[in-house]
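The structure appears right after this line, and notes come after that.
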Amino acid sequence: MRFSINIPNFGDFADPRNVATVAAAAEQAGWDGLFVWDHVLHRQFQGRPFGDPWMLLTAAALATSRIRLGTLLTPVPRYRPQQLARQVATLDRLSGGRVIFAAGLGGPIEDEYRSFGDTAEPRLLAERLDEGLELLRRFWSGEAVDHHGQHYEVRDVTLLPATVQRPCPPVWIGGFWPRRPPMRRAARWDGAVPLFETARHGHVPEVAEVRDLVGYVRKYRTVAAERPFEFVLGGATPPDAAKAKDVIGPLHDAGATWWDERQVQTGPDLDRLPPVLRRIEAGPPVV
C-alpha cells in the first residue's frame, strides 16, 4: 500500500514555497505522494488566496526526486484540453515521469462553472469529461491528432514533447459513491478515487461500502492489465501508527491500494502549514 499527503490549493498552500516545503518534508518522512486540490473558486473558502495547482506542483517537483505528484482532482471540463495536456506534460517532464493525473467534474459545480458563465448541467459536463480525457490521452502521445467531436475539434495538431510516462501518466477518476457512472468511467482508466456520500472529505469510509465499490469497479474493468489499477481512499488518521493501522488495515484488506491522508474539511487546520507539517513528519501509517 502507498501513502500520500493531500492539501488544498488555498490558504498557506497558495504559496508555492510552502508547497515545496511540504513536498520535501513528505519525501524525507517516507510518504509516496503529494496531491493538491484544483479550484479556481470555492465559496466556502472565499477570502483566502488560491494558487494555481500546476505552479504549486512545479515547486513540489523541484524540491523532490521520488514522490508522485498530482491533483486530486482536476475538473477536466473546466479546461481547454490542449492547455491542460501541455501543463501535465510539462510537469511530467520536469519531474522525471512522476505525475499522476486525477480527473472528474470537480465542484462545487455552481462555483467552478456557473460563476464564470459556463454550464452547470452534470450530463453535459460528463460528456466533456469523457471527450476531454480521450483527447488528453492522444495529445500526450506526441502523435498527430485530428478530432471532430461533440464538444471539441482538433485539426492536425501534434503537441511535443510527449509525456515521459508511456503511453501516458496514470489517470485516476473521482466521483461520489454509490453513484455508479463515475466508477464505470474509472474502470476504463487506471484508478478510482471515490468520495462517499456517508464519509465526505477527511472522514474514513465504511469497510462494507469499500468492498461494494471495489467489486463494482472490478466487474466493469475491461482494460488489459498492463498497468496496475489503484483504489485510492482517504481520510484523517491519528499519527499513532498502531491506531492508524486499525483504521487503514481493514480498508487495505477490502482492496484499497493507496491511502491519501487528508485534514477534516471543516477543521480549522485545513489550509495551515504547521499542523500539516507535524502530521507529515510523524510519517505514513504502516499496514
Side-chain angles (χ1 to χ4, degrees), residues 1-8 13 19 22-23 25-37 57 60 64 66-73 98-104 169-177 182-183 186 189-218 227-265 267 269-270 275-287:
M1 195 170 193
R2 295 185 177 182
F3 301 93
S4 57
I5 290 291
N6 182 295
I7 57 175
F13 306 113
V19 175
V22 166
E27 184 161 280
Q28 183 174 0
W31 297 83
D32 299 298
L34 172 70
F35 297 106
V36 303
W37 299 11
L57 289 168
T64 58
R66 178 186 57 81
I67 60 172
R68 304 303 298 262
L69 302 166
T71 55
L72 275 184
L73 47 70
R98 292 187 282 137
V99 170
I100 293 172
F101 184 70
V171 175
W172 296 350
I173 303 297
F176 276 98
W177 182 258
M183 294 302 104
W189 294 93
D190 305 306
V193 190
L195 289 174
F196 294 79
E197 296 288 357
T198 56
R200 296 296 178 116
H201 184 93
H203 297 276
V204 178
E206 294 291 333
V207 175
E209 288 199 77
V210 173
R211 287 199 191 98
D212 289 345
L213 178 144
V214 169
Y216 183 83
V217 172
R218 286 176 174 166
R227 304 206 300 184
F229 189 88
E230 309 289 358
F231 289 96
V232 186
L233 302 182
T237 60
D240 179 87
K243 293 180 180 178
K245 182 176 181 179
D246 290 341
V247 172
I248 300 175
L251 301 174
H252 173 260
D253 294 342
T257 60
W258 277 78
W259 177 260
D260 189 48
E261 187 69 25
R262 304 166 183 171
Q263 300 288 329
V264 177
Q265 186 164 355
D269 293 336
L270 173 68
V276 170
L277 279 180
R278 286 195 295 270
R279 181 64 191 91
I280 289 172
E281 290 164 356
V286 177
V287 177

Compare all side-chain heavy atoms of [X] with those of [Y] and state whether any distance is below 4.5 angstrom.
X	Y	result
L34	I7	yes
W37	N6	yes
T237	K243	no

Which atom of [X] lies closest to which atom of [Y], heavy atoms considered:
X	Y	value
V99	R68	O-NH2, 3.2 Å
T64	L69	OG1-CD1, 4.3 Å
A102	L73	O-CB, 3.5 Å
L233	P205	CD1-CG, 4.4 Å
A60	V19	CB-CG1, 4.2 Å
F3	P284	CB-CB, 3.7 Å

With no hydrogens and no angle check, is any side-chain donor or acceptor of [X] less than 3.5 Å from a backbone partner on [Y]?
X	Y	answer
E230	W258	no
R2	G33	no
W31	I280	yes

Exercise. Which class fits the ring pair W172 and F35: parallel under 30°, tilted 30 to 60°, perpendicular over 60°?
Worked result: tilted
Problem set entry | Chi angles and distances behind the side chain to side chain contact (heavy atoms under 4.5 Å, CB included) call for I67, R98 | CA-CA 7 Å; I67 60 172; R98 292 187 282 137; 4.1 Å; yes
Exercise. Should V207 and L251 be marked as a side chain to side chain contact (heavy atoms under 4.5 Å, CB included) after you check the CA-CA gap, both sets of side-chain angles, and the distance that decides it?
Worked result: CA-CA 6 Å; V207 175; L251 301 174; 3.8 Å; yes
Exercise. How far apart are the C-alpha atoms of F101 and D190, what are their side-chain angles, what is the distance that settles it, and do they pass the side chain to side chain contact (heavy atoms under 4.5 Å, CB included) test?
Worked result: CA-CA 10 Å; F101 184 70; D190 305 306; over 6 Å; no
Roughly how far, to the nearest 0.5 Å, is the [atom2] atom of [Y] from the [atom1] atom of [X]?
X	Y	atom1	atom2	answer
F229	R218	CZ	CZ	9.5 Å
R279	R262	CZ	CZ	13.5 Å
M1	F231	CE	CZ	12.0 Å
R66	D32	CZ	CG	6.0 Å

Exercise. Under 6.0 Å from the CD atom of E206, do we count more than 12 heavy atoms belonging to anything else shown?
Worked result: no
For this session: Indicate whether any N or O donor in one side chain lies under 3.5 Å from an N or O acceptor in the other, for S4 and D260.
Result: yes
Exercise. Passes side chain to side chain contact (heavy atoms under 4.5 Å, CB included), L270 versus F13? Steps please.
Worked result: CA-CA 10 Å; L270 173 68; F13 306 113; over 6 Å; no
